Amino acid sequence: MAAQEKRKSLQGLWSSRLVFILAVSGSAVGLGNIWKFPYIAGDNGGGAFVLVYLVCVFTIGLPIMMSEILIGRRGRRNPIMTMKIVGEEEAGQSWWQIVGISGVLAGFLILSFYSVVAGWALAYIFKSATGTFHGIDGPGVEKVFGDLTGNWQILMMWHTLFMLMTVGVVARGVQRGLEQAVRVLMPALVGLLLILFVYAINHGAFVEALNFMFRADFDRLTADSVLVALGHAFFTLSLGMGAVMAYGAYLPEGTSILSTSIAVVFADTIIALLAGMVIFPIVFAHGLDAGQGPGLIFQTLPLAFGQMTGGVIFGTMFFVLLSFAAWTSSIGLIEPAVAWLTERFHMQRPQAAWLVGGITWVLGVGSVLSFNLLADFKIWRPGKDPGTIFDSLDHLASNLMLPLGGLLIAVFAGWVMCQNATSEELDIGDGGIYKLWRFLTRVVAPAMVLLIFLRGVGLI
Ligand code: PFF
């Protein structure tokens, strides 16, 4: 315990609890909520998928988020060193650092394709602002999207710009600038989603959309879609890869981990559901296909912007905010690797950020080419049809690495760490809520992840 009291964060601390909530929500709320959730819900048949996703978020995601924060604050280092230090302290085992290593790798993989999609959002800012969507129809939006993704040089340019933006912020240190941005931008994003929501209620096929999203038809649920729902619960909450653990390392003592985690999980879930309730009414009102894949929001929202008064302004603002949401998330993806390089090898923060950004940029080229030159190059995936480089990176990182990372984190917090340590960090006494957290972390989360995982990859 004495060692624990002496250990200080090497990168400074968040200035308040609110800032920490904003930073974790900034990492959680991103393309996952607005781009990915609607399209995978559409691909996997809607209602039953949404239900499984919600169950995963609250019974697995919430306790694991608490675990990541408490481990991070206990170790006060980057995820690799934190897992090593706390593993040694609690059980004399240093091999737990493998969880941090896999997390850092997952961060590289995810950011490499995330940056490409964030590049689409950047491109759409200019398209909206220059009136491209004015009065556009279904085939029109498909063509705009197809022309963008079909051109690898243009995609490359946007991907490069987004990586430069990410590295630029991380190089300066996360606290300055980013905190301010998140404080203003997150409420603005929600405000704009609400405006679109009102539009969708008035002009979209709202009832049909609600039926699609909330009527659970379990016949459409396959083992693979349950795995996708689980993977998405981790992805959307930024769990299973040490991002939240890295942020937890900068959390002042005495800040409540329980209430912070609940706030983040609710905010994230509400934004995803809101995005779905904006997008599906437009999909059904225009006879579009809900299962059209990654292009879904880029081919539905412009239809709404093209028809509404003030659409140019709303459309531009929307894609600006979407890009910001992606930006605050991409910083969470790169932070574990950057913190590791600075703490372990005493690299300067800017150098570490450029190195990580450079490697990720190169990896991202594979995803850029997946939509054009290499569209027919398909890779084998466990439990799934072969997919493009883009699809395969997403599947490997989100559906396999994050759940496995999360499983190990739950086992670590629930079984390896002693009860005194976890109850002291959580600081909620040893009553019902602590017992519930411990039960979910020791039994429910590991068992569910393991079952879904093995079934999803076809091993049981
Ligand atoms: N949670 C982000 C989203 O939903 O877009 C994605 C993400 C960010 C995953 C940061 C992991 C992470 F560390």
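Whatever order the structure lists them in is the order used to number ligands and atoms, beginning at 1. Because the structure is predicted, anything quoted here is derived from the model rather than measured.
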Side chains of residues 52-59: which donor-acceptor partners sit under 3.5 Å, not counting sequence neighbours?
unit_1: T59; atom_1: OG1; unit_2: V55; atom_2: O; d: 2.7

Report task. Over 60° means perpendicular and under 30° means parallel, so classify the ring planes of Y124 and F298, tilted if in between. Result -> perpendicular
Query raised in the report: Considering the options R73, R76, Q97, M245, which one meets the side chain to side chain contact (heavy atoms under 4.5 Å, CB included) requirement together with T82?
Result: M245
Requested in this report: Flag the pair F345 / W340 as yes when their ring centroid distance falls below 6.0 Å, and as no otherwise.
Outcome: yes
Which N or O atoms of ligand 1 sit under 3.5 Å from a protein N or O, and how far apart is each pair?
unit_1: ligand 1; atom_1: 1 (N); unit_2: S27; atom_2: O; d: 3.1
unit_1: ligand 1; atom_1: 1 (N); unit_2: A28; atom_2: O; d: 2.9
unit_1: ligand 1; atom_1: 1 (N); unit_2: F235; atom_2: O; d: 2.8
unit_1: ligand 1; atom_1: 1 (N); unit_2: T236; atom_2: O; d: 3.1
unit_1: ligand 1; atom_1: 1 (N); unit_2: S238; atom_2: OG; d: 3.0
unit_1: ligand 1; atom_1: 4 (O); unit_2: A28; atom_2: O; d: 2.9
unit_1: ligand 1; atom_1: 4 (O); unit_2: G32; atom_2: N; d: 3.4
unit_1: ligand 1; atom_1: 4 (O); unit_2: N33; atom_2: OD1; d: 3.4
unit_1: ligand 1; atom_1: 5 (O); unit_2: L31; atom_2: N; d: 3.1
unit_1: ligand 1; atom_1: 5 (O); unit_2: G32; atom_2: N; d: 2.7
unit_1: ligand 1; atom_1: 5 (O); unit_2: Y114; atom_2: OH; d: 2.5

**Report entry** Geometric class of the F305/F318 ring pair [parallel <30°, tilted 30-60°, perpendicular >60°]
**Finding:** tilted
Query - Steps toward side-chain contact (heavy atoms from CB on, under 4.5 Å) verdict (L196, F314) - result: CA-CA 9 Å; L196 285 169; F314 286 142; 5.9 Å; no
